[in-house]
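Everything below concerns the one structure shown next.
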Amino acid sequence: MEIAWDRSGIRQRLNKDFYLSDDVVGLARELLGKALCVDLGEGLCAGLITETEAYAGATDRASHAYGGRRTERTRVMYSAGGVAYIYLCYGMHSLFNVVTGSEGTPHAVLVRGIWPLEGLGLMQQRLGRSRVEAAHTRGPGKLSKALGIHHSMTGTDLLGNRIWIADVRVRPPDKSVRVTTRIGIDYAGDDAGRPYRFVWDTEDQRSFLG
DNA sequence: CGGCCGATCCACT
DNA sequence: GTGGATCGGCCGA
């Protein structure tokens, strides 16, 4: 089955204006189907974003910036939208977030899964597998490993030439998107119950993409 | 400076 | 479904 995505769009970065929206939950939804692209000099790797979570900055107890907290780690979250916030989780996983909103507003979207599109050979190599499938790039730690994203890259400009997000004319229909609570944030009190996670249904991905 | 623990993953049962 | 791996950020002393 032919994969229905527009390969010619892969170098066309999303505009700065896209990232500057203060509607971080809306952006988390809009990022589904966009292509997360990485080129570290070894070749282009890209995957369609299939799962996201919104972190609503200073008012969200699940956010690292809750209460307006500024530390060396969270400093980048206060940038104007369009840079990467990447941090180390559990001592071994680099988790990739898109900083969004206007400057001073520490909103971010965690990318939790991708559908592998480009650079499959490189992903295989990084993952130590003989072939790569969607299951191997679903999970925030796994997708970073596949794409070569490391927490030392936090602050990377998403309009630059190392990490960017492209519109490749894919948009999962609402009926294929499940909206749920976020994962692993039980400590966040009432905010743990907010519907801030967006998941492109796995079966629907298959029927849409092959 | 010490201790706790996390926006996870995998192997094993 | 449980536990171990593994380490930087954060907070309190």
Side-chain angles (χ1 to χ4, degrees), chain A residues 19 23-32 34 36 38 47 49-79 81 83-101 105-116 123-156 158 163 165 177-200 202:
Chain A
Y19 297 109
D23 178 11
V24 64
V25 179
L27 281 180
R29 166 64 178 90
E30 289 307 306
L31 282 167
L32 295 181
K34 299 293 192 290
L36 175 57
V38 178
I49 295 171
T50 57
E51 182 176 336
T52 59
E53 285 176 356
Y55 286 85
T59 62
D60 181 356
R61 292 183 68 176
S63 170
H64 293 161
Y66 174 61
R69 186 168 55 186
R70 286 179 188 258
T71 66
E72 188 50 36
R73 179 176 65 151
T74 61
R75 187 173 46 82
V76 66
M77 299 181 79
Y78 293 83
S79 308
V83 299
Y85 169 52
I86 309 165
Y87 70 93
L88 182 69
C89 192
Y90 291 100
M92 60 187 92
H93 303 291
S94 287
L95 270 55
F96 173 83
N97 298 251
V98 180
V99 173
T100 70
T105 306
H107 288 176
V109 176
L110 172 67
V111 178
R112 295 188 54 90
I114 59 169
W115 176 279
M123 291 192 206
Q124 283 171 23
Q125 202 176 315
R126 288 175 178 141
L127 294 170
R129 294 184 175 276
S130 54
R131 70 187 246 113
V132 58
E133 8 183 313
H136 304 140
T137 56
R138 183 161 57 238
K142 289 194 278 186
L143 76 88
S144 289
K145 187 175 181 186
L147 294 175
I149 292 173
H150 188 265
H151 52 276
S152 61
M153 300 172 185
T154 192
T156 300
L158 298 180
I163 308 176
I165 300 176
V177 176
R178 282 184 297 125
V179 183
T180 75
T181 56
R182 294 168 291 180
I183 301 295
I185 52 149
D186 298 341
Y187 56 83
D190 291 344
D191 290 327
R194 295 190 187 280
Y196 283 2
R197 175 171 174 243
F198 298 88
V199 187
W200 187 355
T202 311

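Each chain gets a letter, A, B and so on, in the order its sequence line appears, and its residues count up from 1.
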Given C:dC11, is OP1 or OP2 found less than 4.0 Å from the side-chain N or O atoms of A:Arg69? yes
I want to check one thing: is the phosphate of C:dG8, taken as OP1 and OP2, less than 4.0 Å away from some side-chain N or O of A:Arg73? no
Any base atoms under 4.0 Å from A:His64, or only sugar-phosphate, or nothing? Heavy atoms, all strands. base
Just to confirm, is there a sub-4.0 Å distance from OP1 or OP2 of C:dG9 to any side-chain nitrogen or oxygen of A:Thr71? no
Does either side chain, that of A:Arg129 or that of A:His136, offer a donor lying less than 3.5 Å from an acceptor on the other one? yes
Phosphate-side-chain proximity, A:Lys142 and B:dC10, N/O vs OP1/OP2 below 4.0 Å: yes
Please state whether the base of C:dA5 and the side chain of A:Tyr90 form at least one donor-acceptor pair under 3.5 Å? no
Give a yes/no on whether any side-chain N or O of A:Tyr187 is located under 4.0 angstrom from OP1 or OP2 of B:dA7. yes
Just N and O in the side chain of A:Arg197: are any of them under 4.0 Å from OP1 or OP2 of B:dA7? no
Verify the distance criterion only: is there a donor paired with an acceptor across the side chains of A:Ser152 and A:His150 at less than 3.5 Å? yes
Quick one: which of C:dG8, C:dC10, B:dT8 gets closest to the side chain of A:Thr74? C:dC10
Ring centres under 6.0 Å, that's the criterion: do A:His64 and A:Tyr87 meet it? yes
Just checking A:Leu110: base, sugar-phosphate only, or nothing, at a heavy-atom cut-off of under 4.0 Å? base
Please evaluate the base of B:dA7 for a donor-acceptor partner in the side chain of A:His93 within a cut-off of under 3.5 Å? no
In Watson-Crick or G-U wobble terms, with both distances under 3.5 Å, the base opposite C:dT6 is none
